[in-house]
Amino acid sequence: MDFLKRYPEILISLICIICYLPFANIGFLSDDFTFLHHYQNEGWGMISSNFYDAFFIPVTHLIQLILLDLFNQNAFLIHITQIILHLYIAILIYRIALENLNFKSYSAILSSIFFILIPYQSEAIFWFSSIGYQCCLVFTLLAIRSYFKNQLLSYCLFFIFSILSKEIGYTTPLFIHGFSYFKMQKNTNLYLFYSFLIVILSLIIRYLVLGELVGGYGEITHLNFQLTSILKVIGGYFIKFFSFSRYAPSTGILILQCLIIISILTPIILHHIKNQKFKKMGLWLFIFCVCILPVINLEITSIKMIQSDRYGYFASVPIVLLYGSAVSFLKNKMKMAITVLSVSTFFFMSILNNQKWIGASSLAENYLSELSKVLSNEKKVFLVNVPDNFKGVYVLRNGVKDYLSMKNIETDIDIWKFQNFNQLNGGIQFQHNTLKEFNAATYFEKSTSNLSNIISNCDLILCYNNFTFNKVDKLTFALN
């Protein structure tokens, strides 16, 4: 135990390995196939077309190309790399908390472990398409660490890498301003000046590449800073991180979870109020809100399900720092009991999430493999019961056509309403001339209808049920 106290990175690494390594065999999913299709066709030539992306994140895409080349498109090795990135971020959090934020060793280690285990990280770790969030957070934390070390050149370099990994990196100067305003560091004018120059230069390059400054989901989404939207999203993330509501099977359990969390946080909050440490409280709230700001108008479905958890990857950093501080502030026996309870709970919650990703991977692999077997020379095929997600984990919202093209199958594909799968053989059933929902809601709309008006031009109708495809008769709507 003394060895682990002297080298806490080993303890942090062991926890990360135990939690995530057994699930590294998850395959590619959804948007991954679009990137893989372009990679297969053009390789590094994708650079000239901005990687066919509406966003301008060249560092992320270059890292993706390197990983695909280095590991020969092996998803297992790529996910190992993402696990290592997650671990490295946790160690950076430990170092910054201990050396720059004046955390005691116990609370710094605990904050790092909480970042590893808080049950909202699986999407950023196991979805290749979301690796940009990891890259951006690594570079942002390195930039902040360089700022605390007064290393201007490395700060500028890491800041550039962060904004070219994901647009959320533009928030880095706001963190610097926050540390300065709340008196944790002085002499920031030079950092803010160079940050301003970098932002201006980046926006110019961005405009030249994209033909617009915003890109991505467009100005309506990214520049809609209505007060009601901001408050709603911030409130939504507060509910997500301070109630863990989606893990509560009943209202009673949800209330119990909230009471436990309130009882853990109350002592340190009262201590700060009593000692008038309002600046620390203000700094935490400022950083949390800044982390939320770039995703303010994106979906917050992750309150209820695993989908879109990557949007909260940045915000999880101030959350785990708060939880680490709060638990370590408790008295010794209570501190140890809450530490064991919280670490164990987060661990098993994360394992449950990881198992959903395994299920989604199995479903995607089976679906695409079976589909490629049954297609031959058809010009146009109509697909029924295509899994959008499995228990919230993306499966094939995008990627069916790209996967088939990668297999040199050029059949024109039409898809009738992607489905939410709540079990591996879920989706919908084809019965009595209509499609009926089966353990899942339709992703785009709830209604079902007769398909006679939209299938007249297809050569084949295929319905996926019980891990295989069945042909559907166009005249009788009966399964063959």
Side-chain angles (χ1 to χ4, degrees), residues 10-33 35-36 63-64 67-68 70-91 112-135 137-138 244 246-247 302 305-313 316 320 342-369 387-397 399 421-426 467:
I10 295 177
L11 174 63
I12 296 168
S13 300
L14 287 173
I15 292 174
C16 186
I17 290 169
I18 293 170
C19 185
Y20 295 107
L21 185 60
F23 303 94
N25 59 336
I26 292 167
F28 295 114
L29 297 164
S30 192
D31 294 9
D32 294 345
F33 295 110
F35 192 86
L36 288 168
I63 290 172
Q64 287 179 305
L67 292 176
L68 289 172
L70 182 63
F71 298 132
N72 194 29
Q73 304 180 55
N74 186 307
F76 173 79
L77 295 177
I78 288 173
H79 292 323
I80 292 291
T81 304
Q82 291 181 268
I83 293 171
I84 292 172
L85 281 174
H86 187 62
L87 172 61
Y88 183 54
I89 293 168
I91 292 173
S112 178
I113 292 173
F114 282 161
F115 179 79
I116 291 286
L117 296 178
I118 193 168
Y120 299 120
Q121 312 293 45
S122 300
E123 184 170 285
I125 298 171
F126 291 126
W127 194 26
F128 186 43
S129 293
S130 67
I131 195 174
Y133 288 89
Q134 292 185 297
C135 297
L137 185 51
V138 165
F244 297 91
R246 78 180 188 217
Y247 296 99
S302 58
M305 65 166 115
I306 197 171
Q307 185 172 290
S308 303
D309 271 339
R310 66 191 184 281
Y311 295 147
Y313 198 60
S316 67
V320 299
S342 56
V343 169
S344 300
T345 302
F346 282 174
F347 177 83
F348 287 112
M349 285 180 173
S350 291
I351 293 296
L352 290 175
N353 283 343
N354 296 344
Q355 289 174 340
K356 293 177 183 177
W357 281 86
I358 287 289
S361 175
S362 172
L363 180 57
E365 182 180 356
N366 178 263
Y367 187 97
L368 295 172
S369 174
D388 170 83
N389 64 81
F390 173 70
K391 297 182 178 179
V393 178
Y394 303 114
V395 180
L396 292 172
R397 181 170 305 180
F421 275 50
N422 290 330
Q423 60 186 46
L424 291 177
N425 64 340
F467 313 109

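Note that the numbering runs from 1 along the sequence shown for the chain. Bear in mind that the values here come from a model prediction, so they are computed numbers and not experimental data.
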Between Ser361 and Asn25, is the side-chain contact (heavy atoms from CB on, under 4.5 Å) condition met? List the steps.
CA-CA 9 Å; Ser361 175; Asn25 59 336; over 6 Å; no
Tell me, with the steps shown, if Asn389 and Arg397 meet side-chain contact (heavy atoms from CB on, under 4.5 Å).
CA-CA 7 Å; Asn389 64 81; Arg397 181 170 305 180; 4.3 Å; yes
Give the C-alpha distance, both sets of side-chain angles, the deciding distance and a yes or no for side-chain contact (heavy atoms from CB on, under 4.5 Å) between Tyr394 and Asp31.
CA-CA 9 Å; Tyr394 303 114; Asp31 294 9; over 6 Å; no
Check step by step if side-chain contact (heavy atoms from CB on, under 4.5 Å) holds for Ile113 and Leu11.
CA-CA 9 Å; Ile113 292 173; Leu11 174 63; 4.2 Å; yes
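Using the six-membered ring where Trp is involved, Phe244 and Tyr120 have ring planes that are parallel, under 30° apart on the 30 and 60° scheme. The aromatic rings of Phe115 and Tyr313 lie tilted to each other, with the angle between the two planes from 30° to 60°.
With rounding to the nearest 0.5 angstrom, the CZ atom of Phe35 is 8.5 Å from the OG atom of Ser129. How far CD of Gln64 is from CG of Leu36: 9.0 Å, rounded to the nearest 0.5 Å. With values rounded to the nearest 0.5 angstrom, Met349 atom CE is found 12.5 Å from Ser122 atom OG. With values rounded to the nearest 0.5 angstrom, Ile12 atom CD1 is found 13.0 Å from Tyr88 atom OH. Going from atom CG of Asn72 over to atom CD1 of Ile78 covers 9.5 Å, rounded to the nearest 0.5 Å. Atom CD in Glu365 sits 12.0 Å away from atom CZ in Phe28 (nearest 0.5 Å).
Phe71 has its side chain out of reach of Ile80: every pair of non-hydrogen atoms, C-beta onward, lies at least 4.5 Å apart. Leu70 is not listed as a side-chain neighbour of Thr81, based on a closest heavy-atom distance of 4.5 Å or more. Looking at Ile17 and Ile83, their side chains never come closer than 4.5 Å, going by heavy atoms from C-beta outward. Using a 4.5 Å cut-off on side-chain heavy atoms (C-beta onward), Lys356 and Leu352 make no contact.
For Tyr20 (side chain) and Leu87 (main-chain N/O), no donor-acceptor pair under 3.5 Å exists by modelled atom type. Between the side chain of His86 and the backbone N or O of Ile116 there is at least one donor-acceptor pair closer than 3.5 Å. Side chain of Gln82 to backbone of Trp127: a donor-acceptor contact under 3.5 angstrom is found.
No hydrogens or angles considered: nothing links the side chains of Tyr133 and Asp309 as a donor-acceptor pair under 3.5 Å.
Residues Asp388 and Gln307 share a closest heavy-atom pair of OD2-OE1, 4.4 Å. A pairwise comparison of heavy atoms in Asn353 and Arg246 identifies ND2-NH2, 3.9 Å as the closest pair. Across all non-hydrogen atoms, the minimal contact from Lys391 to Ile306 is O-CG2, 3.4 Å. For the pair Gly359 and Leu424, the tightest heavy-atom approach, listed with the atom from each and the gap, is O-CD2, 3.4 Å. Of all heavy-atom pairs between Ser112 and Ile91, the closest is OG-N, 4.0 Å. Here the closest heavy-atom approach between residue Leu29 and residue Ala364 is recorded as CD2-CB, 3.6 Å.
With ring centers used as reference points, Phe33 lies 6.0 Å or more from Phe128. Taking the centre of each ring, Trp357 and Phe23 stay at or above the 6.0 Å mark.
Leu363 pairs with exactly one of Val395, Ile358, Leu396, Val393 by the side chain to side chain contact (heavy atoms under 4.5 Å, CB included) rule, that one being Val395.
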